[in-house]
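Bear in mind the structure is a predicted one, so any value in this text is a computation, not a measurement.
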Amino acid sequence: MTPEQLLKELNEFTSSETIHMYLIERKLKSGAKTKDKPSLKYDYIPLQISLSDELVPIVRGMLSKIIEKKIKEDVEIKDYEVIDDTENKLMTYTDLGKITGFQEFLNTRLGGEIKSIKSFEEVNELEKSWALCYGFYNKEKGKWLYCIKKLMPKNMVVNIETSNSVTDAIKYGFTSLFDLDTKTLKPFNGFSLNIEPSIDMIYFDESIYIFRKKGFEDITSLTDEFEKIAEELVNELEEIKFIDGLTHVSSIISNKPAFRNKLIKAKSIGNIDFLKTCKSIKTEFTRTGKKLNIKFSFDKEGNIIAKDEIDAENIIKVLCEYFKEGVFGGKVFESPAGRLRK
């Protein structure tokens, strides 16, 4: 599908009259265990927030502009990759089986009975306010389009309740609202919800279109999944016994998510498995180091030494093919992205 075709389809939804807004709660499934995969152990519960007639055109217009700005004529539509540094792109994600919990939310919970939020207490009691979701219904197609944005809970909801106590008023002052319809100042009782002019992903026709990669990974709990996978990969490296100073590698992937993803990339392209059959790790790293002007150190058994986090970063960069040599001019480039040529 071309960007023009995609934008035309999306506009058929965003111009529709029916718009719903939901707050998504993420909560641990009953009986879930610590060792369970993050994609399996969470439930995502939609809670409807009713929009006033005044807000509907504002929300519709805001989301339409966001979509139009992202999906331009020259935008590249490509499949999702754990690491990708292409700037002008729109990623697609269709392997919903890898995000099972969120898949259930998209395919089942959004189409089921949904409770409405009526008070701040209901929001405050949620296990975790996770994301905002906007739904557009196209009557002719009989389908929904969903726009989803990850929330920062601290800045999301502010409870404002004016006390009737004179003592409290003297002590703390109070918040009031000037009603333009009645032209009177009134007590303000309710809560405000911060709505940012951005979205992280769109879902329709059983496909996800990713507007912001980090937001999408957080929403679907892939970020949690990557952390767990990276821990397992460190254990795998320990079993291979080729690094002296693995604690520095472990520290790097814990503190720098970009290196966590680089380690996952190294596994996906087969380089960690290559270490298991490699006849001389010292020879391979020495050859690579000379080409890249990186000096690696080795112990008497020929294992590579990570003396500090800089060494650990260089080892991970080499494993994930961070450095790439140009076919034409032979120049070496630095980029974590790249797809294996088929």
Side-chain angles (χ1 to χ4, degrees), residues 9-10 12-32 36-60 62-63 93-151 153 156-157 159 189-196 199-209 215-216 218-222 224:
E9 278 216 49
L10 296 180
E12 289 176 4
F13 285 88
T14 55
S15 60
S16 62
E17 292 181 8
T18 305
I19 304 176
H20 289 180
M21 182 177 176
Y22 311 99
L23 177 63
I24 304 172
E25 175 189 19
R26 189 182 84 161
K27 60 190 297 186
L28 201 62
K29 285 185 178 179
S30 176
D36 289 347
K37 292 177 69 174
S39 59
L40 295 172
K41 69 180 182 181
Y42 293 109
D43 276 329
Y44 302 85
I45 315 296
L47 300 156
Q48 188 163 347
I49 300 172
S50 297
L51 292 171
S52 69
D53 292 340
E54 294 88 352
L55 268 182
V56 166
I58 296 173
V59 170
R60 181 193 293 118
M62 178 186 75
L63 294 173
Y93 191 93
T94 55
D95 195 1
L96 300 184
K98 289 185 177 178
I99 50 172
T100 309
F102 201 73
Q103 179 186 31
E104 183 186 356
F105 162 78
L106 293 171
N107 293 341
T108 305
R109 292 191 182 275
L110 279 172
E113 188 175 341
I114 298 176
K115 178 183 172 184
S116 293
I117 290 177
K118 295 187 172 75
S119 70
F120 175 76
E121 286 71 29
E122 289 178 301
V123 177
N124 207 33
E125 287 170 5
L126 299 181
E127 187 170 310
K128 191 165 282 190
S129 299
W130 197 243
L132 277 181
C133 175
Y134 308 91
F136 293 89
Y137 184 68
N138 185 303
K139 287 183 181 178
E140 289 182 10
K141 296 178 181 287
K143 293 180 180 179
W144 286 87
L145 161 74
Y146 296 103
C147 304
I148 306 175
K149 163 74 179 171
K150 180 73 177 72
L151 283 174
M156 185 196 68
V157 176
N159 186 36
N189 290 308
F191 63 89
S192 65
L193 178 64
N194 182 36
I195 299 176
E196 296 179 0
I199 53 178
D200 295 322
M201 57 173 279
I202 278 176
Y203 177 72
F204 90 110
D205 269 356
E206 298 183 3
S207 292
I208 289 172
Y209 293 87
F216 160 73
D218 287 347
I219 289 168
T220 56
S221 298
L222 277 174
D224 298 352

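- At least one side-chain heavy atom of Tyr134 sits under 4.5 Å from a side-chain heavy atom of Ile195.
- Annotation: the span from Leu145 atom CG to Leu63 atom CG amounts to 9.0 Å, rounded to 0.5 Å.
- Note: Leu47 CG to Arg109 CZ = 10.5 Å, rounded to the nearest 0.5 Å.
- Counting non-hydrogen atoms of neighbouring residues, nucleotides and ligands closer than 6.0 angstrom, the NZ atom of Lys98 reaches no more than 12 such neighbours.
- Taking each heavy atom of Ala131 and Lys150 in turn, the nearest pair found is CB-CA, 4.1 Å.
- Judged purely by atom type and a 3.5 angstrom limit, Lys143 has no side-chain atom pairing as donor or acceptor with the backbone of Asn138.
- At least one side-chain heavy atom of Phe204 sits under 4.5 Å from a side-chain heavy atom of Glu9.
- Looking only at side-chain heavy atoms (C-beta outward), Glu104 and Asp43 come within less than 4.5 Å of each other.
- Rounding to the nearest 0.5 Å places CD of Gln103 at 12.0 Å from OG1 of Thr220.
- A donor-acceptor contact under 3.5 angstrom links the side chains of Tyr203 and Asn107, judged on distance only.
- For Glu206 against Leu96, the heavy-atom pair with the smallest separation is O-CD1, 4.2 Å.
- Closest approach of Pro46 to Ile114, counting heavy atoms only: O-CG2, 3.3 Å.
- Contact detail for Gln48 and Tyr22: the closest heavy-atom pair is CA-CD2, 3.8 Å.
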### Query
Could you walk me through whether Leu132 and Leu23 pass the side chain to side chain contact (heavy atoms under 4.5 Å, CB included) check?
CA-CA 5 Å; Leu132 277 181; Leu23 177 63; 4.2 Å; yes
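- With sequence neighbours excluded, the residues that form a ring-ring contact (aromatic ring centres under 6.0 Å, His included) with Phe105 are Phe102.
- Put simply, the side chain of Leu28 reaches to within 4.5 Å of the side chain of Lys41, judged on heavy atoms.
- To the nearest 0.5 Å, the span separating CG on Asp200 from CD1 on Ile208 amounts to 12.0 Å.
- Between Ile219 and Tyr44, the closest heavy-atom pair is O-CE2, 3.5 Å.
- Within the model, atoms CG of Leu151 and OG of Ser129 stand 7.0 Å from one another, a figure rounded to the nearest 0.5 Å.
- At least one donor-acceptor pair under 3.5 Å links the side chain of Arg60 to the backbone N or O of Ser16.
- Between the CD1 atom in Ile202 and the OG1 atom in Thr14 there is a gap of 8.5 Å [rounded to 0.5 Å].
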### Message
side chain to side chain contact (heavy atoms under 4.5 Å, CB included), that's the test. Do Thr18 and Trp144 meet it? Break it down for me.
### Response
CA-CA 10 Å; Thr18 305; Trp144 286 87; 4.2 Å; yes
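- Ile24 is not listed as a side-chain neighbour of Ile45, based on a closest heavy-atom distance of 4.5 Å or more.
- Put simply, the side chain of Tyr209 does not reach to within 4.5 Å of the side chain of Met201, judged on heavy atoms.
- Annotation for Ser221 and Trp130: closest pair OG-CZ2, 4.4 Å, computed over non-hydrogen atoms.
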